[in-house]
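Comments concern the structure below.
Worth saying up front: this structure is predicted, and the values here are computed from it rather than measured.
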Amino acid sequence: MKEGCTPRKMSHFSGEDEALIQSMLRQLLQSVKEKISGAPSAECAEEILLHLEETDEKFHNYEFVKYLRHYIKSCLGSVIEGETENCTSAQSQEGGPGYDTLVQHVTKKTRETKEYKEMMYSLKNVMAVVVESLISKFEEDQMKNKEIQRKTQQEQHSGHFTDNCSDSDSSFNQSYTFMNQEQLQLIADRLDPSQPKEVRREAMHTLCSAPPSDVLNCESWTTLRKTLMVSLEDPDSIFTEKILRFYAKMFSSSPINMTREVYTSLAKHSELYFLSGENQIPSFSSGVDITNPDIVRLLKKVRLLNEYQKEAPSFWIRHPEKYMEEIVESTLSLLSVTQEQSQITSQKCLDPVYFLALIDVKAVWFKKWMHAYYSRTVVLRLLEKKYKSLIVASVQQCLYYFESCGSNVGESPIMGIGVQQQQHSSNKQKTFYTGQELQYIYFIHSVCLLGRLLMYTHGRKLFPIKLKNRKEWISLTDLVVLFTRIIYSSCAKETQVAHSGTYSPAGLVIEVLRMLCDRKECASECLYTSAVIDALLHPVYSLLNGKQVNVNCDETTLINIADILARIASIERGLSLLLYGETINPSGDSVIGAHMIAQFTKKLLSEDIAVLSESEMLPVLKGAFIFVCRQMYNTCEGLHVLIPYGLHESIAESWKKTSLLSERIPTPIAGAASVSSSSQESQNVMKWEESLLDNLLNFAATPRGLLLLQQTGAMNECVTYMFSRFTKKLQVSRCEKFGYGVMVTQVAATSPGTAALQSSGFIKALTTELWSVLECGRDDVRVIQPRSTPVDPIDRSCQKSFLALVNMLSSYPAVCELISNQDLPNKVEYSLSEVPTCIIDIIDRLIILNSEAKIHSLFNYEQSHIFGLRLLNVLCCNLDTLLLLESQYKVSEILLKAQKENVTESAAGPGDFIIDGLSVERNHILIRMNLVGGPSERILPPRALHQGSDPYPWPMFSAYPLPKCYLLEIPRKADVKQDSELSKLLASLGNSDRQAGWLENCRKQFYKTMKIKPNGISGNSLVELLEKFVLHLSESPDDSYFNTTEYNATDTNMKNESLSSLQKLGIKMTIRYGRYLNLLKDNAEHNLTQVLKHSEKFLKKQQITIKSSLRYLQGGYAGYDWFASTIFLIMSGDKERTLSFLQQFSGLHVSAFLWLPRLHVSIHLPVGIAESGIHPIYFCSAYYIEMLLKAEVPLVFSAFRMSGFTPSQICQHWLTQCFWNYLDWTEICHYIATCILLGPDYQIYMCVSVFKHLQQDILQHTQAQDLQVFLKEEALLDFHVSNYLEYMDSLEQTYRAMILQDMKSIRLQST
């Protein structure tokens, strides 16, 4: 530091010191001038100076900073050193805290000293003198500059101001004139209306140069504010323009705590302007001429308010709520102002809201205010308590618009707008708005405001409201119905022409309705009522009935209505409303909604509506209404309502016609004049064809819909289309949350669907993708970041492909279609680049690794083989699939051989089994393949190793029979005496004189017995019960469902009959299970063979001969007869009783659903269904299971949707094999007895009960992403039929009428 700059250590500064400090301070301010001048306000400039040390790297080099540092050191240096020494010695003795605490302590002590207080007193005094001197010199300089500027202006022009803001911009953007209180008071006095014009102009000009903070913080602001409000009414346009510019500068450069004063002042002035009655406010008859100076000034004020309204929400959350509340209240108070009502509407003066609507037609200000919760709560509270009239006026305006359209057809407000627009169609700016146009603009503003209001709960709570001159209250529903009617009002078409899109009433209302549809709570309160649906469907109803009275509904409007209906139908509650009305009762009669839409869609497809038949937009209109129907028929409950209309046939017929048309369109020739038109026509036809295929495909979302799709003959084309979208990862539709996973699984449940998937290339793509993630990987990723070594048996990268394969191969018809009668390649050599393309290749390369060539062809042998074994384990859960794999590929022999080879080398004899991931997997699969039984009848070893010395305590084996530890002992039950209830039941069945109601009495007795003593219904009692009940039903003409032919074949006739290898393996499996249950004798295998031969021959007499390319339909029934085997075990292996029972049982309705081979290509089914290979257990039972599951256990249904798996897949699996391996034998018997005695619909209730029982497990495994694996591999623990019989009874009470009627309709109707 320079010698002359050294501060003195004293309490007072000399004159020399003051001059030195002033010089150094001026130097500092000059250095930071650019930073300060760029600040929007004085507060911001102050903040810049306070944080200068952080932002200016030269801070410590300024002479002023050096001076201050030296002065502080000279005054407080000794004090700080003493306090530091004292504190340090105290910490060393006590082991005190760290450096930060030391600094805080010394600072605190220093600030409490006398020296510090004297220093601060001296500094404040000298700085006050220095700053006052600087300000005085600054004011002198400014006055000189101002005088020079005034003389220059007078020379150039005399008081002429243009409409740009150059005069205020210069003072605002370049410099501030700092003013004290006396100067601002002087300006306030000079602005008084009594002062001369020039004086007031000069004062206003000076005020515009002052910093906003000085103006708003001065003591005379209140007076100044009132003066400015009065001055705004001054006739001098130049003067008022200056005031508005001053306000604009305040808005742009001040924080909200200051600008709220300005805004509320301007809003209050505007409110008084409309209330005074002295101002010339235009009326509806005179219209608004925006070239009129008074109107220009008024619109500028409103525009300034509106700009601030739109900007304020971006920053008012950072300030106290009271500031924002003042702004909101002053705005609502202004907009609630209404002029005195005149008897003649045209003579009524315009309210402020009309001028705001002119500036902000779509109420953007209100949208921004309602966006954030912070401001929304205040707005809604004020609207409810004080300013509800604003909402009332908006509703009133919408109602006025609608009524004027209805009463003044041909002279509507819209016609006036159209004329005005034609007059101003050139580039010339519009300068005049008629009363009708203003009414329409306010209507648009009202629609946007009300639409935004309805989005929020408390906004909807403002309804109902009471309108003037109306007795009834307007509810939410009334308002939405009003909006809906506006869409197709008599003005709509003219407005659509006059306002193409942006300000079209139909377009704006549709936008509001879409917003409501997309919000669940809004839609529930506003849209899901019969009144709204009726209003939406009114033009549809009129067109169906050939009426066009008061309906000017063009194709675009109908398309928009269809879009709203589709959005409603895509949500559960909206769908129920369309299907059943406001009273949800699935088994009752449906209301008009869904039926009317279906009828209209059918007429559109057949082009049976004359008004629309020639329209160019007809295909788009058809597609829009088909899409509405699609939201219904892709659900079970919706399809149930729409089936009578045969929409699948109508859509398929249209697709076939369109397909033929696309083939006839000539290929465009290069250079031809019609290339563009021909190409456009071709594209339109192709889009329409794809749209029809897409809509047909969505029938496959349900089991019944999949059958309907198969019957249209478009299955292959639809699946190919689905595959093309699937590979592009396209969304199913705008209303569908999930992808094609569920639909693919549904399609893969049937043989024709699986065949279509294979021909489309879907399965090839699936296997190729699997191979790429399992064996290939991505080389470019490996170089940069090598893949982690897999820890789980199925690595996360392969999980998706694994689940996709499980979904694909879950049903036996699919597996049969893909691998039946096909040999494995078993090549001598496999190329490393050879990629599997089908399921056979996957089995050959990953599951049955029976050669060194296959093992060496794998890069990741253990991981890939474990993947294959895990897949095999899931496949073997389906007993039919297990028998097919075993009969064709001898899987168990290959696995046993692999186990035998997986031992340690030992000279003494056979070595020990090597325990690794593969041997553990094989051991588990071998036990699963060989043992049959429910959860308490067999033990399946885990596939994970334990910690400790014995990681796998379960014995391994390389030859059958299994070690006994895997079989649970079945206790031999002593003969239980029949209890009284069971005796009554059997007695009623034995009574030959059956009276009316005996069947119902038998069922009641059975129900009671099952509830009290379910274990009593077993053994001989069960046999006697079933035999007698079936015999009685078969002898009753009313209870016989199928006409059966007489069968008298003997065992001698069966000598030349043979069974397939699959059936022979099934017989061995059944005998093993029966002997384990102690139900069979020595000759049981022969007897069961005879039973199956007789039943197959008996059923063949009732089958038709079909020619099909499906492997599943080649020969007889492709699977094993699990029901006949179950009855054989129930009858304890008695061949005669089993055959007698099956013959009697085959005539009953329940046989169609319990005994699957009964209806295989049966003459009792319609030919189309028989040829499809789709069994009633799928398209009927599984269909209703999904329907009931959605209604009764919705969480489980949603879990299936999320997983990509379907309830129909697993239920088809369970029911086909009569719950073998999933329930204990007793429960299987109870399931069979329950369905026979209580009715076939109990099969459906049984599955729903199982899902209800498994709900928690299903939800957990959905989250773990292994739901399908869990359902297929795990038995149904702790499920007992008797425990859920009461629940099944409740389902019967609700659904039997609907379900049983449909189950009885499967039979071919005799003509």
Show your reasoning for whether side chain to side chain donor-acceptor pair (under 3.5 Å) applies to Tyr1073 and Glu937.
CA-CA 10 Å; Tyr1073 187 39; Glu937 295 170 346; 2.7 Å; yes

Could you please spell out the steps behind the side chain to side chain donor-acceptor pair (under 3.5 Å) verdict for Ser1162 and Gln1103?
CA-CA 4 Å; Ser1162 173; Gln1103 293 174 354; over 6 Å; no

Phe1179 vs Tyr1183, test: ring-ring contact (aromatic ring centres under 6.0 Å, His included). Steps then yes/no.
CA-CA 6 Å; Phe1179 72 75; Tyr1183 166 73; 9.0 Å; no

For Asp1121 and Tyr1117, run side chain to side chain donor-acceptor pair (under 3.5 Å): C-alpha distance rounded to whole Å, both residues' side-chain angles, the deciding distance at 0.1 Å, then the answer.
CA-CA 8 Å; Asp1121 194 339; Tyr1117 180 68; over 6 Å; no

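A side-chain N or O of Thr1070 and one of Tyr1120 form a donor-acceptor pair less than 3.5 Å apart. In summary, the side chains of Thr1126 and Trp1220 do present a donor paired with an acceptor at a separation below 3.5 Å, with no hydrogens or angles considered. Side-chain polar atoms of Gln1243 and Ser1181 form a donor-acceptor pair below 3.5 angstrom.
Cation-pi geometry between Arg938 and Tyr966 is not met: the NZ or CZ atom fails to fall both under 6.0 Å from the ring centre and inside 45° of the normal.
Salt bridge status for Lys1101 with Glu1096: absent, with no side-chain N to carboxylate O gap under 4.0 Å.
Inter-residue side-chain proximity for Leu1022 and Leu1026 is flagged as met; some heavy-atom pair is nearer than 4.5 Å. Residues Leu1099 and Trp1155 meet the side-chain proximity criterion, which asks for heavy atoms closer than 4.5 Å.
Exactly one residue among Gln1268, His1213, Lys1272 makes a side chain to side chain donor-acceptor pair (under 3.5 Å) with Ser810. That residue is Lys1272.
Atom NZ of Lys1011 has more than 12 heavy atoms from other residues, nucleotides or ligands within 6.0 Å.
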